[in-house]
Amino acid sequence: MPDRFARLVLAAILVLLALFVAQPYVTAFLFSREVPRAVTARGDLAPAEATTVALFERASPSVVHVFAQGAARGADLMSLDDESEQGQEGGRSGNTQTGTGFVWDAGGHVVTNNHVVQAAIQSGGSISVRLSSGEVVSATVVGAAPAYDLAVLRLGRVAKAPPPLAIGTSADLKVGQSTFAIGNPFGLDHTLTTGVISALQRRLPTSEGRELSGVIQTDAAINPGNSGGPLLDSAGRLIGVNTAIFSPSGASAGIGFAVPVDVVNRVVPDLIRNGRVRNPGIGIIAGQEATAARLGIDGVVVLRVLRGSPAAGAGLRGVDPQTGAIGDVVGGVGDRPVHRLADLTAALEAAGLGQPIDLAVERDGRTRRVRITTADVAENRP
């Protein structure tokens, strides 16, 4: 009797083991579907999703891909052709700098970053633009403002002109607002990234010893190739032009910067009308800040005064070329202190063209007030 019970238990165990081993095969045989499955109805998009989708569909036709080709060099003929733009650091592939732009007006003007097209401008190279429709057209440079990292292009003949972006304002932005960036990171056309405004009133060095104030900081992913693309608010309005990232690796680290749209809306019409920016200035060439700091000077050293400038008319004096003696040091504009050149240029821009300003000027250990009316000067001179 015990032997029989043991045999039954063993048989039951073997049956269960066989069923366990065969279960996947039985399930696959009975329940496999060798025809397409029925699609489950999704239902309506969530309100936030619907808003983002509508924003992208409305704004993306205005965003373009910019290709700035430098003048051909003999060395370029020795390298292998590479059609891929992916993974190119800084949005650069061979002798071509790539970036993003957006349509500004119905006249075919496109706004992008100056650093995207600068090499082509300097070398006499060519610039082409790929529209959202896939059409590639040539473009010419209307004007560039390196101090603001902005440039304006004019499209050649197009089959159908893309619509311009809606323009917002950066004056009333709040930290925490949603942001949407559309661009071509690593050559990937019309990529949408989202985030928030992380900070406002950042200062960003550009070129020619200037700093751009009021810069927008966002955590929307911005990578090489996004340069020159639009930063939008939740209404799909332009609030900034993506220009730089802070990243040790060169890829997005959640800290991106955009030129505020109020600056763009002031600079771009000047570039379209004059090909350059009319900057309020007084007509001086400033001394090196590092040298001034080593000498213990707090302020902007006047190295040279331009002939016929407002500074010359007010009697400002530069460094004596014979003895090297320091002349005037600008230490303030109105009630705003001036510690470096960026402070002076920011104060002049805030004042505007043709406006009287009061400078605090130090000479021979004595400070005096000098009233000067700002005038249009070359871009790299305050």
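All residue numbers refer to positions in the sequence shown, counting from 1.
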Interatomic distance, [X] atom [atom1] to [Y] atom [atom2] [nearest 0.5 angstrom]:
X: Ile357; Y: Thr373; atom1: CD1; atom2: OG1; answer: 8.5 Å
X: Lys160; Y: Glu135; atom1: NZ; atom2: CD; answer: 11.5 Å
X: Gln355; Y: Ile372; atom1: CD; atom2: CD1; answer: 14.5 Å
X: Leu306; Y: Ile285; atom1: CG; atom2: CD1; answer: 5.0 Å
X: Ile239; Y: Gln177; atom1: CD1; atom2: CD; answer: 6.5 Å
X: Ile282; Y: Ser309; atom1: CD1; atom2: OG; answer: 8.0 Å

Could you report the tightest heavy-atom contact between [X] and [Y], atom names first, then the distance?
X: Ile284; Y: Ala311; value: CG2-CB, 3.6 Å
X: Ala258; Y: Asn242; value: CB-OD1, 3.9 Å
X: Val63; Y: His190; value: O-NE2, 2.9 Å
X: Pro310; Y: Ala375; value: CG-CB, 3.8 Å
X: His115; Y: Gln97; value: O-CG, 4.1 Å
X: Leu55; Y: Ser234; value: CD1-O, 3.7 Å

Counting C-beta onward and ignoring hydrogens, is there a side-chain heavy-atom pair between [X] and [Y] closer than 4.5 Å?
X: Pro163; Y: Ser62; answer: yes
X: Val129; Y: Leu155; answer: yes
X: Asp219; Y: Val196; answer: yes
X: Leu231; Y: Ile216; answer: yes
X: Val110; Y: Phe102; answer: no
X: Thr140; Y: Leu153; answer: no
X: Ile13; Y: Leu16; answer: no
X: Gln69; Y: Ile127; answer: no

Give the C-alpha distance, both sets of side-chain angles, the deciding distance and a yes or no for side chain to side chain contact (heavy atoms under 4.5 Å, CB included) between Val333 and Leu344. CA-CA 7 Å; Val333 176; Leu344 177 58; 3.6 Å; yes
Cluster overlap [X] with [Y], hydrophobic side-chain contacts below 4.5 Å:
X: Leu238; Y: Leu173; answer: no
X: Ile272; Y: Val111; answer: yes
X: Phe180; Y: Val215; answer: yes
X: Phe257; Y: Ile197; answer: no
X: Val264; Y: Leu200; answer: no

Might you confirm whether atom [atom1] of [X] has over 12 heavy atoms from other residues, nucleotides or ligands at distances under 6.0 Å?
X: Arg317; atom1: CZ; value: no
X: Arg369; atom1: CZ; value: yes
X: Arg368; atom1: CZ; value: yes
X: Asp44; atom1: CG; value: no

Show, in sequence, the C-alpha distance, side-chain angles and deciding distance for Thr191 and Asp189, and conclude whether the side chain to side chain contact (heavy atoms under 4.5 Å, CB included) test is met. CA-CA 6 Å; Thr191 297; Asp189 284 0; over 6 Å; no
Taking it one step at a time, do Thr323 and Asp320 satisfy side chain to side chain contact (heavy atoms under 4.5 Å, CB included)? CA-CA 6 Å; Thr323 65; Asp320 191 316; 3.3 Å; yes
[Y] backbone acceptor or donor facing [X] side chain under 3.5 Å:
X: Asn113; Y: Gly228; value: yes
X: Glu49; Y: Ala46; value: yes
X: Asp328; Y: Val361; value: no
X: Thr374; Y: Gly354; value: yes

Answer yes if the side chains of Thr218 and Thr179 hold a donor-acceptor pair under 3.5 Å, and no otherwise.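 A pair is found: one side chain offers a donor N or O, the other an acceptor, under 3.5 Å apart.
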Donor-acceptor pair between Gln23 and Thr27 side chains, under 3.5 angstrom: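 Note: Gln23 and Thr27 side chains meet the donor-acceptor criterion.
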Evaluate salt bridge (charged side-chain N to carboxylate O under 4.0 Å, His left out) for Arg336 paired with Asp343, printing each intermediate quantity in order. CA-CA 9 Å; Arg336 301 172 61 173; Asp343 297 330; over 6 Å; no
Taking only Lys NZ, Arg NE, NH1 and NH2, and the carboxylate oxygens of Asp or Glu, determine whether Arg276 and Asp270 approach each other closer than 4.0 Å.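 Salt bridge absent between Arg276 and Asp270.
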Pair Phe67-Ser126, side chain to side chain contact (heavy atoms under 4.5 Å, CB included): steps then yes or no: CA-CA 8 Å; Phe67 303 85; Ser126 62; over 6 Å; no
Sole candidate of Asn223, Asn226, Thr100 that passes side-chain hydrogen bond (donor to acceptor under 3.5 Å, both in side chains) when paired with Asn184: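 Between Asn184 and the candidates, side-chain hydrogen bond (donor to acceptor under 3.5 Å, both in side chains) is satisfied uniquely by Thr100.
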Filter on salt bridge (charged side-chain N to carboxylate O under 4.0 Å, His left out), then keep only pairs touching residues 224-236, sequence neighbours left out; what's left?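 Qualifying pairs, neighbours excluded: Asp233-Arg237.
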